[in-house]
Amino acid sequence: MIRPRLQAERMKRGGRDSDHNSSEEGTAEKSKKLRTTNEHSQTCDWGNLLQDIILQVFKYLPLLDRAHASQVCRSWNQVFHMPDLWRCFEFELNQPATSYLKATHPELIKQIIKRHSNHLQYVSFKVDSSKESAEAACDILSQLVNCSLKTLGLISTARPSFMDLPKSHFISALTVVFVNSKSLSSLKIDDTPVDDPSLKVLVANNSDTLKLLKMSSCPHVSPAGILCVADQCHGLRELALNYHLLSDELLLALSSEKHVRLEHLRIDVVSENPGQTHFHTIQKSSWDAFIRHSPKVNLVMYFFLYEEEFDPFFRYEIPATHLYFGRSVSKDVLGRVGMTCPRLVELVVCANGLRPLDEELIRIAERCKNLSAIGLGECEVSCSAFVEFVKMCGGRLSQLSIMEEVLIPDQKYSLEQIHWEVSKHLGRVWFPDMMPTW
C-alpha cells in the first residue's frame with residue numbers, strides 16, 4: 001500500500017518539475033526573442049528610411065554636413081540631388097584670412113552651379129567686408145542663366161563690400177538675374193551700386209510679380225528710378241529706401257488706383273556730414289493721398305540725424321507708425337512727435353541729453369492712442385511722469401523697455417517703488433532694463 005502512494009507522489013513532483021522546466025524554457029525563449037529584437041533595432045538600416053524623411057532632415061543641415069551625409073549611401077546621395085533641396089539656398093562668402101565666419105566651400109559652389117542652378121528659387125548671398133567676397137558673389141550671379149529666381153538678397157554682414165566693386169561689373173551680374181528671372185517677387189539689394197538703367201531692366205522683366213523691394217543706401221538710384229518701379233510694379237506691397245528717394249510724385253504713384261495697397265514703407269533718414277545734407281519736405285497733401293489709398297500701411301522711419309538737421313521734419317501731421325531715433329534728439333523734436341504722429345505705434349529714443357522728457361512723454365500718451373511699444377536709452381524722465389505715462393497708456397503697452405538710469409527718483413516714487421507701481425498699471429510684472437533690448 002505504501003509503494004503505490006510513494007509512486008503517485010513521485011509522479012506528482014515530476015509533473016511539477018516538468019512544468020517548472022517548461023516555464024523556464026519559455027522565459028528563456030522570450031528573452032532570446034527580445035534580445036534579437038533589440039539587436040535588430042540597434043543595427044537598423046538607415047538607408048531604408050523614406051527619402052521624404054531624409055529630405056526634411058537635410059534641409060536643416062549646413063551645406064558641408066549635408067555633403068558629408070550624402071556619402072553615407074546611395075539613397076542619401078539621391079536625396080542630396082533632389083530639386084526640392086536646392087530651391088532655397090544661402091551662399092556664405094567670407095575670406096578665411098580676414099573673417100571668422102564660415103564660408104561655402106568653393107568646390108561645393110561649383111557643384112551647385114553645375115547641377116542645381118536651374119532648381120534655385122530663393123537665394124541670398126552673405127558677404128563679409130572684403131572685395132574678394134563681393135566679386136565671388138557677382139561671379140556666381142553671372143552664372144545663374146538657367147534659373148528663374150523668386151527671391152534674391154544681397155547682404156553685407158559688415159562694411160558694404162559691394163560698393164567697392166566697379167559699378168559695371170556689379171550691374172552686369174545683377175542684370176543676368178533680372179533678365180532670366182521672370183518671376184522675382186522679393187529683392188533686397190541694400191548698400192549696392194544698383195542704378196536707374198538696371199531698375200528698368202528689373203521692371204521690364206518682373207513688373208507683374210515684384211512685391212518687395214529693399215534698396216536703402218543705393219547712391220546711384222535717383223528719385224526718377226524708384227518712381228519708374230512704382231509706376232510699373234502695381235503689385236508692390238513692401239518698399240524700403242532712403243529719404244532722398246522719397247518724393248511727392250512717388251507717394252502719388254503708390255496711391256494710384258492701379259496700385260495695390262502698400263503694407264510696409266520704410267524710410268531711412270541718414271546724415272553722414274552734419275550741415276552738408278539738405279533734406280527736402282514732403283507735402284502734407286501727398287501723405288494724405290497715400291494714407292487714403294493704404295490706410296493700414298506701416299510707415300517706419302529710422303532717423304540718424306544731428307539735432308540741427310531735424311528742422312524739416314514733424315512740422316505737420318505725418319502718418320508714421322514706427323519711429324527710431326538712433327542719435328541724440330532734442331526735447332523740441334520729441335514734443336513735435338507727440339503733436340504730429342497720431343498713428344504712432346512704436347517709439348525708440350536712443351539718446352536725448354540731460355533735460356527731462358516729462359511733458360513730451362505725457363503729450364505722446366495723450367495724442368498717440370495706438371502706442372504699444374516704447375524704448376528709452378540715454379534720456380531722463382522723472383519717476384512720477386513715467387508712472388503717469390504708463391497709467392495713461394495702460395495695458396496696451398506690450399513692450400516697455402526703459403533703462404534703469406533713465407528714471408530719476410522724486411518725492412513721490414523711488415526706484416524701488418516704481419517697479420510695483422508700473423507693474424500694477426501694466427497688469428503684469430515689470431522691471432527696468434539693465435541694458436538696451438532694441
Side-chain angles (χ1 to χ4, degrees), residues 188 190 211-216 226 230 236-248 250-255 259-270 279 281-305 310 312-327 329 333-350 352 357 360-377 379 389-390 392-402 436-438:
K188 301 178 182 180
D190 297 330
K211 295 181 179 179
L212 182 149
L213 178 61
K214 292 186 66 177
M215 45 181 300
S216 295
I226 192 66
L236 196 65
R237 295 182 181 275
E238 296 188 39
L239 180 62
L241 67 164
N242 280 79
Y243 185 80
H244 79 273
L245 295 179
L246 186 66
S247 64
D248 295 291
L250 176 61
L251 289 177
L252 295 176
L254 295 171
S255 307
H259 207 288
V260 300
R261 289 181 173 87
L262 208 67
E263 297 173 359
H264 192 93
L265 176 62
R266 168 177 166 160
I267 309 295
D268 290 347
V269 191
V270 182
F279 293 98
T281 301
I282 302 297
Q283 298 297 319
K284 184 178 184 301
S285 58
S286 302
W287 284 123
D288 292 342
F290 177 63
I291 288 300
R292 281 196 300 271
H293 181 266
S294 302
K296 296 183 179 180
V297 66
N298 286 317
L299 175 57
V300 183
M301 301 186 75
Y302 287 81
F303 286 90
F304 294 90
L305 302 182
F310 275 99
F313 301 98
F314 309 111
R315 290 297 178 184
Y316 53 80
E317 190 172 296
I318 63 171
T321 55
H322 299 70
L323 291 177
Y324 303 90
F325 295 98
R327 291 180 182 153
V329 58
V333 171
L334 289 177
R336 295 189 336 235
V337 166
M339 299 297 293
T340 60
C341 301
R343 298 179 75 242
L344 192 63
V345 173
E346 182 175 11
L347 173 66
V348 173
V349 180
C350 292
N352 165 256
L357 299 177
E360 290 72 23
L361 273 187
I362 298 300
R363 185 178 300 165
I364 288 171
E366 287 175 344
R367 296 181 61 88
C368 304
K369 300 299 185 182
N370 297 316
L371 187 71
S372 60
I374 186 168
L376 298 178
C379 310
F389 168 80
V390 174
M392 294 172 69
C393 294
R396 75 169 189 262
L397 284 175
S398 59
Q399 182 68 34
L400 187 60
S401 180
I402 310 297
T437 57
W438 56 85

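- With Arg363 contributing its side chain and Gly338 its backbone, the two residues share no donor-acceptor pair below 3.5 Å.
- For Phe279 and Phe303, the ring centers sit 6.0 Å or farther from each other.
- Here the closest non-hydrogen pair linking Leu361 and Phe389 is O-CD1, 3.3 Å.
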Verdict with supporting geometry, Val270 and Tyr302, side-chain contact (heavy atoms from CB on, under 4.5 Å): CA-CA 8 Å; Val270 182; Tyr302 287 81; over 6 Å; no
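- With Met301 as the partner, the side-chain contact (heavy atoms from CB on, under 4.5 Å) test is satisfied by one option alone out of Val269, Leu246, Leu265: Val269.
- Heavy atoms only, all atoms of each residue included: Leu252 and Ala289 are closest at CD2-CB, 3.9 Å.
- Here the straight-line distance linking atom CG of Leu239 with atom CG of Leu254 works out to 6.5 Å at 0.5 Å rounding.
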Pair Ile374-Leu400, side-chain contact (heavy atoms from CB on, under 4.5 Å): steps then yes or no: CA-CA 5 Å; Ile374 186 168; Leu400 187 60; 3.3 Å; yes
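- Ser247 meets the side chain to side chain contact (heavy atoms under 4.5 Å, CB included) test with Glu249, Leu250; sequence neighbours excluded.
- Within a 6.0 Å sphere centred on CZ of Arg261, other residues, nucleotides and ligands contribute 12 heavy atoms or fewer.
- A side-chain donor-acceptor contact under 3.5 Å links Arg396 to the backbone of Lys369.
- Across Tyr243 and Thr281, no two heavy atoms sit closer than the pair OH-CA, 4.1 Å.
- Atoms CG and CD1, on Leu376 and Ile402 in that order, are 3.5 Å from each other to the nearest 0.5 Å.
- Without hydrogens or angle criteria, His259 side chain to His293 main chain gives no donor-acceptor distance under 3.5 Å.
- Residues Arg315 and Arg336 share a closest heavy-atom pair of NH2-NH1, 3.5 Å.
- Atom CZ of Phe313 is separated from atom OG1 of Thr340 by 12.0 Å, given to the nearest 0.5 angstrom.
- Using a 4.5 Å heavy-atom cutoff, the side chains of Pro342 and Glu317 are in contact.
- In terms of modelled atom types and a separation under 3.5 Å, the side chain of Asp190 and the main chain of Ser216 share a donor-acceptor contact.
- In this structure, Asn298 CG and Leu262 CG are separated by 10.0 Å, a value rounded to the nearest 0.5 Å.
- The main-chain N or O of Gln283 is found under 3.5 Å from a side-chain atom of Asp248 such that the two form a donor-acceptor pair.
- Using a 4.5 Å heavy-atom threshold, the side chains of Leu323 and Cys341 count as touching.
- Within the model, atoms CZ of Arg367 and CE of Met339 stand 4.5 Å from one another, a figure rounded to the nearest 0.5 Å.
- In terms of modelled atom types and a separation under 3.5 Å, the side chain of Ser398 and the main chain of Ser372 share a donor-acceptor contact.
- The backbone N or O of Lys211 lies less than 3.5 Å from no partner atom in the side chain of Arg237, so there is not a single donor-acceptor pair.
- Contact annotation: the side chain of Arg327 never approaches that of Leu305 to less than 4.5 Å [non-hydrogen atoms, C-beta and beyond].
- To the nearest 0.5 Å, atom CG of residue Asn370 and atom CG of residue Leu344 are 8.5 Å apart.
- Ring orientation note: the planes of Phe290 and Trp287 are nearly perpendicular, at an angle over 60° on the 30°/60° scale.
- The two residues Cys379 and Val349 come nearest to each other via the heavy atoms SG-CG1, 3.7 Å.
- Side chains of Ile226 and Leu213 form a contact here, defined as non-hydrogen atoms less than 4.5 Å apart.
- Look at Arg266 and Asp268 and you find a salt bridge, because one of the NZ, NE, NH1 or NH2 atoms lies within 4.0 Å of a carboxylate O, short of that distance.
- For Lys296 against Arg343, the heavy-atom pair with the smallest separation is C-NH2, 4.1 Å.
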